[in-house]
Amino acid sequence: MAKYIFVTGGVTSSLGKGIIAASLAKLLQARGLSVTIQKFDPYINVDPGTLNPYEHGECYVTEDGAETDLDLGHYERFLSIFTSQNNNVTTGRIYQHVINKEREGAFLGKTVQVIPHITDEIKRRMLQLGADGKYDIILTEIGGTVGDIESLPFIEAVRQLQWELPEEDCMVVHLTLIPYLKAAKELKTKPTQHSVKMMSENGVHPDVIVCRSEEPLSNELKKKIALFCNVKIDAVIEATDAPTIYEVPLMMMREKLDLFCLKKMNITNYHEPELGKWKEFLDKLKYPKSKVTIGLIGKYIELQDAYKSILESFVHAGAINECKVQVVNVHSEFITDDNVDEKLSDLDGLLVAPGFGHRGIEGKITAVKYAREKGLPFFGICLGMQMSVIEFARNVLSLKTAHSTEMDANTPDPVIDMMAEQKEITRKGGTMRLGAYPCHLESGSLAEKIYGAQDISERHRHRYEFNNQYLERFEKAGMVASGRNPETGLVEIVEIPEHPFFIGVQFHPELKSTVENPQPLFVHFIKAAKEHAEKNGNGKKQSV
Ligand code: GLN
């Protein structure tokens, strides 16, 4: 029988609920328990797939092709597990399901209401991952902040479950803010008291209060929070700002958050946490021996969450290379032939990011040209790979107007074209080529060397592809397809063997990088950047 931990948030958003939830899950997993984690989002979109990254940050794609919240990326990176469509539920998905049932006649004669019909469906989904006995513990993060109108049905569902499930099978961890008032030189507990009061008004009593704060909490203050929030003092957990999110599991372990939860849930079959690999990673992260500067060329660079998985993959790949990776964001809209040298000459490697639409495209193409001609390590992901194909077509094959039909539907040379199966699709939600697909690597290629295998699987999210009618011309001129889908022949990887490191991938390798298993393309890209820095006399940048 699985046990359930719900993680709610109070006072304000952006407190790092996803990181606290993932850290607790990590500790329980490290103690030998089988754990998974899911996110319930209160917005009406069925999934975040159609949301602009400015609105919602990156859209994280799972193995089974679900477009999900970026917190699922944290869960996978922390736990090295695969999540799925079932791990991310939105209000939109709940209502869609209930309304479809109503149309089928499942509620004939009845008025369909938030309570019980919507809350029943929320509860069904909350318990779903625990149904087959695979997991000891299911953590559920409730998106939003307590008090939001949108999250009320979710909080109500938690209330019902707290009442329905045996006491030791269900608990609530509430994350709040203890602000520090500089003028008063004091930490303030009032917002936390209010937030817990609001929870109580909704009938939910938190078992643990995790307090985000810029300053450590004194014992006195913990006592005060315990008293006002009606919990024991060891249920008040301090969570000060961490130098890196990967430090948080250890901070939570020092605060004994995991032990408190285990005790509350009456779990006894656990051992000391096995965190050897995690600590090794943290040591390498903290004490790098060299440094590289990587240019991230994208159009959403104002919002770091838009490239979350890429940035985290750099953290993982940097640590294993014992190298600090400094990422410089370069806005693709402002790169031109005239300023490209000035903008990119200090870099040790260039990553051209995924994306959609025509804004900033020419700047990306100019950046690829620079990397190709100067022998600068280049890594293109999805749209970034497509841009490297267009650049090669225009400047090496002399197809001056070559383009992707995404940006120019009437280009005479559609070197990137819409996939055949996409041509009939008009609906936008969940209709791209999504999720994991196999890829076969050419023997002797850079890709094969990097992966150390010939058959791999990576996740996708796109509608356009390399146009195979041009493949022969590309290969003759020096850009080869080193990875292809074994069934369809679709080009998944291009590389330029003459170049020190030039690789473009149609898939999203950043979605599979974890602390304990850094993604090999990122690892080798950083290695190549290090070599480039050493060779090009950027020795000064090597000192950390
Ligand atoms: N817009 C491109 C396509 O749909 C690339 C998508 C991406 O970068 N994820 O094919």
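Just follow the structure's listing: the first ligand is 1, and inside any ligand the first atom is 1.
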Using a 3.5 Å cut-off on N/O to N/O, what pairs does ligand 1 make with the protein? A line per pair would be great.
{"unit_1": "ligand 1", "atom_1": "1 (N)", "unit_2": "Gly355", "atom_2": "O", "d": "3.0"}
{"unit_1": "ligand 1", "atom_1": "1 (N)", "unit_2": "Glu406", "atom_2": "OE1", "d": "2.7"}
{"unit_1": "ligand 1", "atom_1": "1 (N)", "unit_2": "Glu406", "atom_2": "OE2", "d": "3.1"}
{"unit_1": "ligand 1", "atom_1": "4 (O)", "unit_2": "Arg463", "atom_2": "N", "d": "3.0"}
{"unit_1": "ligand 1", "atom_1": "8 (O)", "unit_2": "Gly355", "atom_2": "N", "d": "2.9"}
{"unit_1": "ligand 1", "atom_1": "8 (O)", "unit_2": "Gly355", "atom_2": "O", "d": "3.3"}
{"unit_1": "ligand 1", "atom_1": "8 (O)", "unit_2": "Leu383", "atom_2": "N", "d": "3.1"}
{"unit_1": "ligand 1", "atom_1": "9 (N)", "unit_2": "Arg461", "atom_2": "O", "d": "2.9"}
{"unit_1": "ligand 1", "atom_1": "9 (N)", "unit_2": "His508", "atom_2": "NE2", "d": "3.2"}
{"unit_1": "ligand 1", "atom_1": "10 (O)", "unit_2": "Gln386", "atom_2": "NE2", "d": "3.1"}
{"unit_1": "ligand 1", "atom_1": "10 (O)", "unit_2": "Arg463", "atom_2": "N", "d": "3.2"}
{"unit_1": "ligand 1", "atom_1": "10 (O)", "unit_2": "Tyr464", "atom_2": "N", "d": "2.9"}

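The salt bridge (Lys or Arg N to Asp or Glu O under 4.0 Å) analysis of residues 84-95, with sequence neighbours excluded, yields the pairs Asp47-Arg93.
Seen from the ring of Phe281, Arg77 does not count as a face-on cation partner, given the 6.0 Å and 45° thresholds.
With sequence neighbours excluded, no residue satisfies salt bridge (charged side-chain N to carboxylate O under 4.0 Å, His left out) with Glu55. Applying the side chain to side chain contact (heavy atoms under 4.5 Å, CB included) rule to Thr244 yields the partners Tyr246, Glu247, Leu282, Leu285; only residues at least two apart in sequence or on another chain are considered.
Across Ala239 and Met252, no two heavy atoms sit closer than the pair CB-CE, 3.7 Å.
A salt bridge links Arg124 and Glu121; the closest N-O separation between the charged side-chain nitrogens and carboxylate oxygens is under 4.0 Å.
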